[in-house]
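Some notes on the structure that comes next.
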Amino acid sequence: METTVDKYTFKDFASDQEVRWCPGCDDYVILRSMQKALPEMGVKKEDVVFISGIGCSSRFPYYMDTYGMHGIHGRAPAIASGVKLANPDLSVWVITGDGDAMAIGGNHFIHVLRRNIDLNIVLFNNEIYGLTKGQFSPTSLVGQKTKSSPYGNTQPPFQPGELAIGAQARFFARIGGNAPKEMTQIFIEAEKFNGTSLIEVLQNCVIFNDGCFSKYTDKNVREDKQIFVEHGKPMIFGKNKDKGLVLNGLKLEVVTIGENGIEEKDILVHNAHDEDPTLHQMLVRLEYPLVTGIIRSFDDITLEEREDALTTEVKSKSSFTKVDDLLFSSETYEVH
Amino acid sequence: MNIHLEDAQPEVLEAVVIRFVGDSGDGMQLTGTQFSDTSAMFGNDVATFPNYPSEIRAPQGSLYGVSGFQVHIGSIEISTPGDEVDLLVVMNPAGLKTNLYAVKPGHTIIVDTDSFNKKNLQKAQYDISPLEDGTLDNYRVIEVSISSLTREALKGVEGLDNKSITRSKNMFALGMVYWMYHRSTEHTINFFKNKFSSKPHLIESNTKALNAGYYFAETLELIPNSFTISPAKMPPGTYRIISGNTATAWGFLAAAEKSGLELFLGSYPITPATDILHELVKHKHFGVKAFQAEDEIAGINSAIGASFAGDLAITTTSGPGLALKSEALGLAMMVELPLVVVNVQRGGPSTGLPTKTEQSDLLQAMYGRNGESPVIVIAASTPADCFNYAYQASKLALEHMTPVILLTDGYIANGSEPWKIKQVSEMPEIKNHKITEVSENWQPYDRDKNTLARNWAVPGTFGLEHRIGGLEKDKITGNVSYVPENHEFMTKTRAEKIKRVQNYIPDLKTEFVESGDLLVIGWGGTYGSLYSAVKQMHEEGNDKIGYAHFNYINPLPKNTEEIFSKFEKIVVCELNNGQFVHILRMNFNKFNISQFNKIQGLPFGNTELINKFNQLLN
């Protein structure tokens, strides 16, 4: 017996467990966006697996009525890799946070991206440790005052996208934690993408780091401070849709359409599919405007595909069909 | 000692220990393997032990760059690679310096005199050549200019560079040893034909060097004697020589096939466990998924993921790696998924002695996790029986839904012996707890009433969606629970689940006698040493000494106390500072249990054991 895929609603993906995040947390938005995205993905509920590490974000699997494992700190990418390699038909999601992915789990984070296993990783970035009550994280800003940096943080932060693309991520998207519609769409695109997809959600922590992204994500500034990029479309933003990105030498530059002879056709068209990540790295690093949307989506062979091809080849050449064939192969002798 | 050419009639020996030593690059491992394989095919019982430095290519000629391979062959039962050496084959002065201690006085040393030049003597810290200063007066020394004779023999072979010529000298030496022990060169020549099938000049050069050594020994008046060792009386059947690491890998292949599951290995290279990874990556034809992870932690976590998804999942490591895996092992225990962790023990603590053997990870295996975290711990005895215990570890993990730690050690992992090959059909059945269909009132933590194993609902199965994790679980639903009574109940249930494994493992057996004055106890890889020491004492007329060997450590066999009560004294022998003895004293405190320990990175020697046992008996 199996479920009919086209009949799901978001309720089918909500477990019976009471959600225990702080009121007002962006995690609720992410949960709801995921529950809305899943019915649109064309996957069977029993084929969906959520694997998480440790932290506020990592309670996520308990709230999804799918298969799930709440793992140990930083190791979700490794657990998820094992799930996917064991059964490549599954839709496997990693739920992680900035500390989980880039501090204790940094090694697994870079290697899972390098390998390009077909997993989807949702990184809840709130630039703080929430569950341990407010220490600085690998994405906290220099000078940020936290429980473990009362005089200001002295450790320069990672930019998750920069680290990820440096580790050969083929799919990287960024989205504000208050943009459920776009987030839902990005989750659907991530599932469609064949390879490791990383989605960084700028997730506001109402308790320990409230407003950390508000200069980009607040409703009244969003259109002027953020650019939502889409593959094949010119990179234009602003309330009046009159600002755009152009290349000036080796730098991205913001220009105004209609000023200094700039026309719409002069604006850079976003190519997420480019194998060369140079421009994607520049977009990731840009502070004004902050780039959201699918920044990189380069289709490449996955680890499972490589492994599968090798296995088929080895099987076709091997004379071994059962273990006895190996045990009794060559170098044996008889004792009478 | 004067050497005389004696009668050509070979002397018949029961057993002989030969050690080949030379520089890391001299091919001693290959030479030793060829001699032991040839002897095994002749029908001898065989045990081997390689001893090599942890440096890959230590500076040439240096004392710490010496690589050795010891082989013990016999027409009698052979349980260890042997302590003292009957024949030492020495390819350089450093080899002589570091191995002379092991040779029995009056016995034979074959020396490549060409290597005893000023430079090599200096590197071996000899002021005067030991060939000239009387150092070897108590031995039969056969001085042969092996390097130059090899060079001479290979004149005229087309396409050989200097390096290849120098490298063939080990085969010349092997040829001499083959003649001395009446061994055929056929197996080794066939080996060349397979190995160098695309390089005919290397087949020719190696064969020529081997034959040259053989004929040289035959015509040489310096070699006093030749020996024969008749075939051993072994149960009839098909055999092969197998190392512990290969046997471990194959045990998992057999378990996967028998259980109908796919095999997943998550591993990270570490000495001396890496050969299990090397072996399993070859077997894609059986669908083996061998994943070399970014670290030890990812190795075990990927295996946990694969287990969640329904594979027979294993991870392989050595001591420091087990330390890194301990948190994840706790997770596997908490979520009650089947998982096998192989720890090929080496000298510790910390990085310790990576290429040497020890049994010092027992307490780490037992207790090295946070919280109350019991797992099954078992240990293999000999190279060949690593096959059975890898198989058994898989069976226990799957049938009891728990992690199992399988302990082997560098000694049995790298050592090899004849194995009477078992067909997979001869192995016991392996069940598992997978459920494929949703039933009314199904719960993730429903348990088998006998074993207390929970059910295994794998992703992809309709209607069984559920969440597990490292937080304490409700006893039925598996949901997160902070209820105090539930935590106590679950802690006790997890302990009871492991305890009940007692009902599914064999009883402890005593060998030689069922009661007496002294019970010798060992566990894991010391079986061969302890068994042969006790056996020798029985052969010498001591019938008051018994031997019991533990392969099941947690839980212990049910009849342990009963066995202990039949002996006056008990001594636990281990290659550590006293770990298993600690467990036994804790569990059976009414017995006065003594201990005998060795912590030198080496196996027990026969003499030291017998001396200890005699001392305890008197």
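Only a predicted model underlies this, so the values are computations on that prediction, with no experimental measurement involved. Each chain gets a letter, A, B and so on, in the order the sequences are listed, and its residues count up from 1.
Counting heavy atoms of neighbouring residues, nucleotides and ligands inside a 6.0 Å radius, atom NZ of B:K233 does not exceed 12 of them. Heavy atoms from other residues, nucleotides or ligands lying under 6.0 Å from CD of B:E77 number more than 12. The number of heavy-atom neighbours closer than 6.0 Å to NZ of A:K36, taken from other residues, nucleotides and ligands shown, is 12 or below. Applying the 6.0 Å contact sphere to CZ of B:F35 captures more than 12 heavy atoms from other residues, nucleotides or ligands. Open room surrounds CD on A:E18; 12 or fewer heavy atoms of other groups in view lie less than 6.0 Å from it.
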Report the C-alpha separation of A:E313 and B:K284 in whole Å, then their side-chain angles, then the decisive distance to 0.1 Å, and conclude whether the salt bridge (Lys or Arg N to Asp or Glu O under 4.0 Å) test is met. CA-CA 9 Å; A:E313 191 192 330; B:K284 281 187 184 293; over 6 Å; no
Would A:F328 and B:Q423 satisfy side chain to side chain contact (heavy atoms under 4.5 Å, CB included), going step by step from the backbone distance to the final call? CA-CA 9 Å; A:F328 289 88; B:Q423 289 181 329; 3.6 Å; yes
Run the numbers on A:E331 and B:D37 for side chain to side chain contact (heavy atoms under 4.5 Å, CB included), then give the verdict. CA-CA 8 Å; A:E331 307 286 302; B:D37 287 358; 3.9 Å; yes
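Proximity to chain A (any heavy atom under 4.5 Å) is shown, for B:A232, by neither the backbone nor the side chain. In this structure, chain A has a heavy atom under 4.5 Å from the side chain of B:L337, while its backbone stays farther away. Looking at A:I110, neither its backbone nor its side chain comes within 4.5 Å of chain B, counting heavy atoms on both sides. In this structure, no portion of A:K84 lies under 4.5 Å from any heavy atom of chain B. In this structure, chain B has no heavy atom under 4.5 Å from any part of A:F50. Contact annotation for B:L331: only side-chain heavy atoms (C-beta onward) come within less than 4.5 Å of a heavy atom of chain A. Heavy-atom distances place the side chain of A:H111, and not its backbone, under 4.5 Å from chain B. Using a 4.5 Å cut-off between heavy atoms, A:S91 does not touch chain B at all. With a threshold of 4.5 angstrom between heavy atoms, B:K422 approaches chain A through N, CA, C or O but not through any side-chain atom.
To the nearest 0.5 angstrom, A:M69 atom CE is 7.5 Å from B:S307 atom OG. With rounding to the nearest 0.5 angstrom, the NZ atom of A:K315 is 10.0 Å from the NE2 atom of B:H285. Atom-to-atom distance recorded for B:H466:NE2 and A:Y67:OH is 6.5 Å, nearest 0.5 angstrom. Taken from CD1 in A:I51 to CZ in B:R467, the straight-line distance is 12.0 Å, to the nearest 0.5 Å. The line from CG of A:L85 to CD of B:E262 is 11.5 Å long, rounded to the nearest 0.5 Å. The distance from the NZ atom of B:K289 to the OG1 atom of A:T311 is 9.5 Å, given to the nearest 0.5 Å.
No side-chain heavy atom of A:V314 sits under 4.5 Å from any side-chain heavy atom of B:K282. The side-chain heavy atoms of A:H70 and B:I468, taken from C-beta on, include no pair separated by under 4.5 Å. A:Y333 places a side-chain heavy atom less than 4.5 Å from the side chain of B:P418. With contacts defined as side-chain heavy-atom distances shorter than 4.5 Å, the pair B:E465/A:M64 does not qualify. Side-chain contact between A:E46 and B:L464 is absent, with no heavy-atom pair separated by less than 4.5 Å.
Listed options B:G266, B:A298, B:A293 were ranked by heavy-atom pairs under 4.5 angstrom with chain A; first place goes to B:A298. Ranked by heavy-atom pairs shorter than 4.5 Å toward chain B, the options A:L303, A:L326, A:T332, A:L310 are led by A:L326. Chain B forms more heavy-atom pairs under 4.5 Å with one residue of A:H108, A:R114, A:K317, A:K322 than with any other, namely A:H108. Ranked by heavy-atom pairs under 4.5 Å with chain B, the first of A:D16, A:I54, A:D324 is A:D324. Interface summary for chain A: among B:A303, B:P459, B:A306, the most heavy-atom pairs under 4.5 angstrom belong to B:P459. Of all the listed residues (B:F264, B:F308, B:F387), the one sharing the greatest number of non-hydrogen pairs under 4.5 Å with chain A is B:F308. Of the residues considered (A:D325, A:N87, A:T312, A:L90), A:L90 shows the highest number of contacts with chain B, using heavy-atom pairs under 4.5 Å. Counting heavy-atom pairs closer than 4.5 Å to chain B, the top residue among A:D65, A:D47, A:T321 is A:D65. Note: A:P61 leads A:P61, A:S81, A:S319 in heavy-atom pairs under 4.5 Å with chain B. The most heavy-atom pairs under 4.5 Å with chain A, out of B:I304, B:I242, B:T461, come from B:T461. Between chain A and the options B:I300, B:L471, B:L253, the largest number of non-hydrogen pairs under 4.5 Å is found for B:L471. Contact count against chain A (heavy-atom pairs under 4.5 Å) is highest for B:V458 among B:V458, B:N190, B:N194.
Nearest approach of A:H73 to B:E327, heavy atoms of both residues: N-OE2, 4.3 Å. Heavy-atom minimum distance, A:Y62 versus B:G469: OH-CA, 4.0 Å. Closest of all the heavy-atom pairs between A:V335 and B:P235 is CG1-O, 3.9 Å. In terms of heavy-atom proximity, A:A86 sits nearest to B:D311 at CB-OD2, 3.3 Å.
Ring geometry for B:H283 versus A:F320: interplanar angle of 30 to 60°, hence tilted.
A donor and an acceptor atom, one from each side chain of A:E334 and B:T238, are located under 3.5 Å apart.
Salt bridge A:R115/B:E294: present, at least one basic N to carboxylate O contact under 4.0 Å.
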